[in-house]
There are 2 protein chains.
Amino acid sequence: MAKAYRLRGRVWIEGPDGTFLGYGRVVLLERIREHGSISAAARSMQMSYRHAWKLVDSMNRQSREVVVEKSTGGRGGGGAILTEAGEKAVAAFWAAYGDFRDFLAQRSRQLDL
Amino acid sequence: MAKAYRLRGRVWIEGPDGTFLGYGRVVLLERIREHGSISAAARSMQMSYRHAWKLVDSMNRQSREVVVEKSTGGRGGGGAILTEAGEKAVAAFWAAYGDFRDFLAQRSRQLDL
DNA sequence: AAGCGTAATGTATCACTAAACATAACGCAA
DNA sequence: TTGCGTTATGTTTAGTGATACATTACGCTT
C-alpha cells in the first residue's frame, strides 16, 4: 500500500478586484444571517470585528448588489442582514465548493505514488 | 452580462507531514532536472538557494524513494539530479493539476452571479 | 596544496497579513 | 440627556514566511 498521499486544495470566487468569496467569507455571511450583526458573527467564529468588517466591505464593493445591508445606531445599536443577493452568492459558492470536494476525493484515489 | 467572476484555486499533494508537492515545488524539480544543481535551479527562478534546499529536503524526506539525488564536492562542486521517482512525482502532479485547470474553467463558466 | 562551485546550515532581516487596541459616530430607549 | 451595542476607522502590535547574509564541508582539478 502506498504512503497516504492525497490531493488537497482551496478554491475561491474572484472578481476584478481580487477575492470575492472564499470559504471563510461565506461562513462569515452565514453567521451574519444567523446572528443579525457583524460583531456577533465575528465573535461566534473568533474573528476580530475589524477583520470581519473589512471582509464584508470587500464583498459589498465587489458585488453588483450588496450582500450585506448594515444599519447603525437604534435599538440594539444597529445590525446587519444578509440580502437576497447574499444568499445567492453563498449558494453559488457552496455549489462550486461541493464539486471541488468531490474532485479532490476522486483524484486522491487516483494518485499513484 | 455578469461581472467577470471566475473560480480560482490551488491544489497540492499532501503527505503525513504536510505539503509534499505543489506548483512551485514541481517547477523547482523540473529546473533541477534542467540545470543539474539546486543552486542553478534556484537562480533560474529567482528563488533563494536556502529556500530551494529546504523544499528539496522536505520532498525527499516525505517520499519513499528520494526525488532528488544530491552530491557534494567534486568537479563542478557537486550537483543534483531528478530521480525516476522524481519524474513520476512530477508527472502525477501535472496530471492532477491539468484536470484541476479544466475543472476551474468549466465551473467558472457555470457561475451565475 | 590551493582553488572552485556546489551542498549544507545557522542567523538575522524584511514583508505582509492577521490580530489587538483605541476611539468616534450613530440612533433608539429609558 | 444618558446609556447601550453596533457600525466605522485609524493606529499599533504580533506572527509568519520569505529573503538575505554568512559560514562550513566537500571532493575533484590543476
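Only heavy atoms go into these numbers, but all of them, side chains included; no hydrogens, no water, no symmetry mates. By convention in this document, chain letters (A, B, ...) are assigned in the order of the sequence lines, proteins followed by strands, and residues within each chain are numbered from 1. Computed from a prediction, not measured in an experiment: that's the story for all the values here.
- Without hydrogens or angle criteria, A:Ser63 side chain to A:Val66 main chain gives no donor-acceptor distance under 3.5 Å.
- For D:dT7, the OP1/OP2 oxygens have no side-chain nitrogen or oxygen of A:Ser71 closer than 4.0 Å.
- Looking at B:Tyr23 and B:Trp94, their side chains come closer than 4.5 Å, going by heavy atoms from C-beta outward.
- The pair B:Asp99-A:Arg107 meets the salt-bridge criterion, with a side-chain N (NZ, NE, NH1 or NH2) lying under 4.0 Å from an Asp/Glu carboxylate O.
- Listed pair B:Arg43 / C:dT6 meets the phosphate criterion, a side-chain N or O lying under 4.0 Å from OP1 or OP2.
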(Q) Working note: B:Val67 + B:Glu87, criterion side-chain contact (heavy atoms from CB on, under 4.5 Å); need CA distance, chi angles, decisive distance, verdict. (A) CA-CA 8 Å; B:Val67 292; B:Glu87 294 283 5; over 6 Å; no

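- Atom P of nucleotide C:dA7 and atom NZ of B:Lys54 are separated by 16 Å, given to the nearest angstrom.
- Atom pair B:Lys70:NZ and C:dT9:C1' shows a separation of 12 Å (rounding to whole Å applied).
- Close to C:dG5, at under 4.0 Å from its OP1 or OP2, lies no side-chain N or O of B:Ser37.
- Atom NE2 in A:His51 sits roughly 17 Å away from atom P in D:dA8 (whole-Å rounding).
- Atom C1' of nucleotide D:dT7 and atom CH2 of A:Trp53 are separated by 9 Å, given to the nearest angstrom.
- When rounded to the nearest whole Å, the span between CE of A:Met47 and C1' of C:dA19 equals 11 Å.
- B:Arg50 has its CZ atom 12 Å from the P atom of D:dA18, to the nearest Å.
- Residue B:Ile32 contributes atom CD1, which lies 12 Å from atom C1' of C:dA7 at whole-angstrom precision.
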